[in-house]
Number of protein chains: 2
Amino acid sequence: MRAEPLDAETIVSATEEVLRRHGPDKTTVLDVARVLGVSHGSVYRHFPSKAALREAVIRRWLDRVREELAAAVRDPGLTPSERLRALLTAMFTQKWAKADNDPELFATFRVLATEHSSVSSAHVADLLAQIRAIVEDGIAVGDFAPGDPEVTARAILDATSRFHNPAHAAEWRSPGTAAEAEAVIALILNGIRAR
Amino acid sequence: MRAEPLDAETIVSATEEVLRRHGPDKTTVLDVARVLGVSHGSVYRHFPSKAALREAVIRRWLDRVREELAAAVRDPGLTPSERLRALLTAMFTQKWAKADNDPELFATFRVLATEHSSVSSAHVADLLAQIRAIVEDGIAVGDFAPGDPEVTARAILDATSRFHNPAHAAEWRSPGTAAEAEAVIALILNGIRAR
DNA sequence: AAACTGACAAAAATTGAAATCTGTCATCCC
DNA sequence: GGGATGACAGATTTCAATTTTTGTCAGTTT
C-alpha cells in the first residue's frame, strides 16, 4: 500500500537502488516491487518487461553523465584547442572517478550498457556531436586544419577510446594513465592544428 | 603408446588442437593426453600445471603473431612515416583477419591472453619497441618533431587501441572500421610530423 | 634409469530436482 | 473506471548430490 500514486520515475529510482545493492544478476522485479511496497504486477503496469525497466535505468544514468559533462565544459572564452582539451579531460576524469569510487556499481552499469547497446550508441552520438561542434568552430576560426569535421570528430573519439571506453576500465587503475592520456591529447591537438 | 618420445612442443600442439575444437572452458588435460595417446600423468612430466600448459600455448601464439608482423613490415627504403603507417596497418589487418576468419578461436586466445596477462604485457612491450624504433628514426632524420620516443610510441599505441586491442573485436565487424582507422592514422602522422 | 602409468585425494564442474522469477490476466478495491 | 492485486504457466535460477578433473606419486615398463 502506498500513499502517493506509483509512477515510472519512482520505479526507476527503486530499480537503481536495488541494482546498487544486489548487482545486475540478482536484481529481480520482485525485489523492486518489495522496495516500493507494491505487488510486482504494478511494476508491469508501467514497464512492459524487465528489459524495458533496465533500459530506463541506463538511459537515465547516461543522461546524468551527459549533464555532468556539459556542466564541466560550460566555460566561456576558451580557444577551440582549450575547449577540446577540457572536454576530453572532463570525459576521462569523470569516468575514471566513477570507476574508482564504486567499481561494482560501475560494473553494473557496464552490464546494462552492453545489454541495451542502442542507448549506448545514442550516448556516443551525443559525445561525437559535442566534439564535432568544437572542431567546426576551430576550423572556422582558422585554428584547426580544414577537413571533414564529422570524420575528425570520430577520429578524436576513436583515438581516445583507451581512456573513456568502459571496456578499458581495468587499465585505468594503472598509475601512468593520466600521463598517457595527456600524451594522446597532445598528439591529437598537434594533429588537427592548422599549419 | 607412442613411437616417438613425448616432448613439450608436441604437447603444446595437441593442446592447441583441443582448444581449437572444444574451446577454453571444455579443454582438459585428460583431453590433451587422449589426443596424444598417453596418460595425463605424462603431460605433467613436461608441464607443472594446466595453467603452465595454457601459458605455453598463448606464448607460442603471440610469438607467431610477432613473426607475421615482422614479415609484413620487413620492407626496405621507406620513409619513417611510411614505415609507421605500414606497421599500424599490418597490426590492424592481421588482427581483423584472425577475428573475422575464426571468431571462436580468436575468442579462445583472448581468454588465454587475459588469463596470462604477463605474456600479453611482454607482447605489448615488443610492439612498443617496434614503434619506438621507427619514431627514433623519424626524429633523427628530421621528419618527426623532437620529443621522448618512449612517450610518443606509447601514445601511438594507445591512440590506436580501438583497432588492435582484442577488447574491441566486436566493433571491427562494422563496415566503417577501415576508414576510421585510416582517419586515426592520418591524425597521428600529422601529430608527430616536424613543423 | 628414464619415461610412462594409473590409483588416489582434493578441487572443480555438471546435473537435475526444487525453488524462484517473469509476464499475463481475471478479479478486486477505491 | 483507473489502478492495484495475486494466482498461475512457463522460463530461469539455485543448490546439493554426483561426476569429472587436477595434480601427486609409488610402482611398472622398456
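Note that the structure is a prediction, hence the values are computed from the model and not measured. Proteins come first, then strands; the chains are lettered A, B, ... in the order of their sequence lines, and each starts at number 1.
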Atom [atom1] of [X] and atom [atom2] of [N]: how far apart are they, to the nearest Å?
X: A:Arg54; N: C:dT22; atom1: CZ; atom2: C1'; answer: 13 Å
X: A:Arg45; N: C:dT24; atom1: CZ; atom2: C1'; answer: 12 Å
X: A:Ile11; N: C:dG23; atom1: CD1; atom2: P; answer: 14 Å
X: B:Leu6; N: C:dA2; atom1: CG; atom2: P; answer: 17 Å

Exercise. How are the rings of A:Trp172 and A:Trp96 set to each other: parallel, tilted or perpendicular (split at 30° and 60°)?
Worked result: tilted
Problem set entry | A:Glu182 with A:Arg85: basic N within carboxylate O range, under 4.0 Å |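 Yes.
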Exercise. Taking 4.0 angstrom as the limit, do B:Arg21 and B:Glu104 come out as a salt bridge?
Worked result: no
Problem set entry | A:Asp7 side chain to A:Thr10 side chain, donor-acceptor N/O pair below 3.5 angstrom |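 Yes - a donor-acceptor pair under 3.5 Å links their side chains.
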For this session: Using only side-chain N and O atoms of A:Ser42, determine if any of them is under 4.0 Å from OP1 or OP2 of D:dG3.
Result: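 It does not, given that no N or O in the side chain of A:Ser42 lies less than 4.0 Å from OP1 or OP2 of D:dG3.
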For this session: Report yes if at least one side-chain N or O of B:Ser39 is closer than 4.0 Å to OP1 or OP2 of C:dT5; otherwise report no.
Result: yes
List the atom pairs, donor and acceptor, that lie under 3.5 Å between side-chain atoms in residues 135-149 of chain B and the rest of the protein, sequence neighbours left out.
| residue | atom | partner | partner atom | Å |
| --- | --- | --- | --- | --- |
| B:Glu136 | OE2 | B:Arg132 | NE | 2.9 |
| B:Glu136 | OE2 | B:Arg132 | NH2 | 3.2 |
| B:Asp137 | OD2 | B:Arg83 | NH2 | 2.2 |
| B:Asp148 | OD1 | B:Glu150 | N | 2.9 |

Could I get a table of every N or O pair under 3.5 Å where one atom is in the protein and the other is in nucleotides 12-23 of chain D?
| residue | atom | partner | partner atom | Å |
| --- | --- | --- | --- | --- |
| D:dT22 | OP1 | B:Val29 | N | 3.2 |
| D:dT22 | OP1 | B:Lys50 | NZ | 3.0 |
| D:dT22 | OP2 | B:Val29 | N | 3.0 |
| D:dG23 | OP2 | B:Tyr44 | OH | 2.8 |
| D:dG23 | OP2 | B:Lys50 | N | 2.6 |
| D:dG23 | N7 | B:His40 | NE2 | 3.3 |
| D:dG23 | O6 | B:His40 | NE2 | 2.9 |

For this session: Could you list the residues that satisfy salt bridge (charged side-chain N to carboxylate O under 4.0 Å, His left out) with A:Arg60, not counting sequence neighbours?
Result: A:Glu9, A:Glu16
